[in-house]
K.L.:
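Next up is a structure, given as structure tokens.
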Number of protein chains: 2
Amino acid sequence: MNSGISIKELAAALNLAPSTVSRALNDSYEISEATKQKVINMAEKLNYQPNPFARSLRANKSRTIAVVIPERINNFFAKVIDGIEEIAQEHGYHLLVYNTHEDVKKEKKILSLLQNGRADAIVMSVTSQTSDTSHLQKIHERGLPLVFFDRICGEIPTTKFITNDYESALKGTNHLIQQGCKKIAFLTLSKDLSITKERYRGYSDALKMANLTPEPTFSLYCKHSDEDNTELILKLLQSENRPDGIISSVEKLAISTYQAVRKTNLKIPYDLKIITFSNMSIAGILNPSLTTITQPAETIGQECAKLLIKKLTRPRQPDFLDQIIVIPSQIQIRESTMAR
Amino acid sequence: MNSGISIKELAAALNLAPSTVSRALNDSYEISEATKQKVINMAEKLNYQPNPFARSLRANKSRTIAVVIPERINNFFAKVIDGIEEIAQEHGYHLLVYNTHEDVKKEKKILSLLQNGRADAIVMSVTSQTSDTSHLQKIHERGLPLVFFDRICGEIPTTKFITNDYESALKGTNHLIQQGCKKIAFLTLSKDLSITKERYRGYSDALKMANLTPEPTFSLYCKHSDEDNTELILKLLQSENRPDGIISSVEKLAISTYQAVRKTNLKIPYDLKIITFSNMSIAGILNPSLTTITQPAETIGQECAKLLIKKLTRPRQPDFLDQIIVIPSQIQIRESTMAR
DNA sequence: CCAAAATACGAAAACGTTTGCGTAGTTTGA
DNA sequence: TCAAACTACGCAAACGTTTTCGTATTTTGG
């Protein structure tokens with residue numbers, strides 16, 4: 001299989017002890033320059049590659065970060081991972097990536113697997129089903145560095161990275177109001193999600209500030225397949241007292257809304273305006289083009305990774321502060337929220 | 001850090017030898033049922049988690065598969081990884097995922113890192129820059145199981161999984177011809193890519209069969225940013241002898257085409273018809289909706305993983321055959337290729 | 001009833017690193 | 001000049017598993 005040579009064989013080829021070779025390769029001050037050069041040259045010549053598992057076993061470090069996301073076919077999460085990977089690679093760290101598929105059972109299973117030290121740290125965004133957080137608590141209590149992003153878990157005292165969910169939702173809703181909307185609906189995945197709560201707060205406060213009352217039926221909690229969501233939204237659009245504006249908490253519900261609108265006689269933005277949290281690059285070529293609240297995905301990933309790397313690579317770092325770091329989104333206004 | 005208990009401590013708690021505990025946990029026939037139960041119960045009670053690095057070191061296996069892709073923000077690759085992960089998880093395998101960002105230098109660096117046995121196998125899709133394949137050859141010669149999908153490397157004698165690129169491109173081009181196109185352009189990334197060659201062959205043969213001649217200027221090789229691509233396509237569309245049909249080898253060039261068309265007076269499908277290889281779920285809500293050749297992404301991932309797992313989990317498996325396994329795409333006809 | 005086989009477990013080595021400790025040989029310092 | 005310090009390296013243990021080999025005890029069989 002992995003027929004590489006070991007440090008013993010390398011040492012034998014040099015008539016040196018393995019310990020000397022190890023120190024030479026690790027640039028120890030105890031080894032003379034001459035010897036170091038010899039070792040390095042021979043290592044190059046024989047293509048010596050240190051066995052990562054022996055290293056990990058010895059050092060109790062894996063140089064690996066686990067990333068746990070609820071969805072892979074998602075521009076936001078993909079970009080976050082790109083950001084994490086960028087920083088991780090700079091420091092020689094590898095990424096184990098796990099997709100929970102929005103399934104809390106899978107999330108628990110995966111976190112359980114990660115208890116054994118396979119990864120030095122975990123960066124994750126929880127499932128829309130995650131309300132019981134004992135599995136997360138267990139990981140944190142075990143001392144495994146854990147940070148959250150986007151869909152965070154408030155109960156765990158660690159650092160979380162999010163965008164300005166409240167403010168963006170407030171601004172987004174305000175934008176709809178300014179464009180003339182009176183009956184604004186809020187689309188999201190699950191009540192349990194941190195982002196749902198914050199974004200709903202922003203939505204709700206914006207309505208109140210405009211002396212509009214948030215109707216209960218205008219908050220749509222979608223959990224199922226894209227088809228089911230489209231159906232739900234269609235029903236809302238066909239109801240007697242239909243909304244004239246929509247703010248969507250996640251990208252795919254905006255897509256479902258476009259799908260649903262196609263089955264009606266409604267026209268965006270004339271009969272219905274819509275704004276969504278989204279990292280779609282193609283929002284601009286939808287017809288009508290889609291107004292988005294663009295989350296700083298890569299930056300979030302980079303910041304997560306930077307924090308982890310700092311903790312993992314420097315000696316005696318303190319535990320992560322129980323804090324929420326906010327990186328603001330940018331609203332891109334397009335046709336879907338044009339005033340008539 | 002990872003303050004779990006070791007098998008020694010577990011053995012001590014049971015007044016047994018570590019070897020006995022190990023055998024008990026691995027359900028060895030040499031251990032009595034009574035002892036097995038005791039061990040299992042105590043392991044549960046003390047939350048014993050075997051150290052994966054000790055195992056890997058001992059067994060020279062990592063239970064890890066490396067996935068190397070050129071782009072993460074891409075529905076096709078995301079779905080393939082989902083497929084790989086599904087099968088891998090069923091067999092207790094973990095996924096290290098690397099994004100080369102279409103950069104062959106990064107590809108080389110990553111493959112170099114993978115030489116040390118960190119992963120038991122590699123499944124990858126090469127960069128659009130990959131023409132020299134020595135780094136891939138080296139991995140293969142080292143005996144590390146390696147399979148390719150989609151963007152394959154013909155020089156390496158191993159198993160490759162692709163879709164019916166030639167046939168799909170042929171059918172897709174034929175479809176354009178049937179819908180009335182006379183001047184059909186072909187968009188792709190790089191001449192070096194396997195998929196480019198096959199899909200171009202299909203495109204070219206379809207033209208010949210219809211007594212049309214493929215014009216050199218109608219083959220667009222895009223390498224740069226989305227903006228540059230849009231510019232390139234725009235120039236093509238504004239040229240004197242502009243195409244009336246486009247078949248795009250990759251999703252994002254179809255998107256760029258939509259972007260470019262927006263800057264002209266052309267109307268899809270009246271002035272220009274377009275079909276593309278794509279795994280976008282939202283092809284249907286583009287305006288006009290986009291005719292696609294949908295690759296069986298999940299299946300490709302699953303098949304890659306199945307093949308690898310078979311080799312990794314069964315004793316004395318032969319090396320992968322030097323063969324290409326074809327899983328057909330499905331053409332979904334939508335508005336973008338409607339006849340006038 | 002006793003040799004042979006089967007059962008159930010333990011001791012120790014091995015996987016490939018890194019590192020604490022020991023030590024020749026050399027250099028330093030008063 | 002001679003003890004002290006330093007230089008440059010080797011020995012061996014340790015990380016946590018799994019597995020080979022060995023063996024005491026029990027069971028089987030003729």
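Every chain is numbered from 1, with letters handed out A, B, ... down the list of sequences. Hydrogens, waters and symmetry mates play no part in the numbers below; they use all other heavy atoms, side chains included. Treat the numbers as computed from the prediction; the structure is a model and nothing was measured.
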K.L.:
Without swapping roles, check the side chain of S28(A) against the backbone of E30(A) for a donor-acceptor pair under 3.5 Å.
P.N.:
yes
K.L.:
Classify every nucleotide of nucleotides 8-16 of chain D by which part a protein heavy atom approaches to under 4.0 Å, writing B for the base, S for the sugar-phosphate alone and - for neither, in 5'-to-3' order.
P.N.:
BBBBBBBBB
K.L.:
Atom CG of N26(A) to atom P of dT17(C): distance rounded to whole Å?
P.N.:
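One finds 11 Å between P of dT17(C) and CG of N26(A), rounded.
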K.L.:
Atom CD of Q37(B) to atom P of dA8(C): distance rounded to whole Å?
P.N.:
15 Å
K.L.:
Is atom NZ of K36(A) surrounded by more than 12 heavy atoms (other residues, nucleotides or ligands) closer than 6.0 Å?
P.N.:
yes
K.L.:
Who are the side chain to side chain contact (heavy atoms under 4.5 Å, CB included) partners of L113(A), not counting sequence neighbours?
P.N.:
H94(B)
K.L.:
Give the rounded distance in Å between these two atoms: CG of D27(B) and P of dA8(C).
P.N.:
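In whole Å, dA8(C) P lies 13 Å from D27(B) CG.
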K.L.:
Inspect the contact between E141(B) and K138(B) and indicate whether a charged nitrogen and a carboxylate oxygen are less than 4.0 angstrom apart.
P.N.:
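Judged by the 4.0 Å cut-off on N to carboxylate O distance, K138(B) and E141(B) do not form a salt bridge.
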K.L.:
Flag the pair D322(B) and K160(B) as a salt bridge only when some basic side-chain nitrogen lies within less than 4.0 angstrom of an acidic carboxylate oxygen.
P.N.:
yes
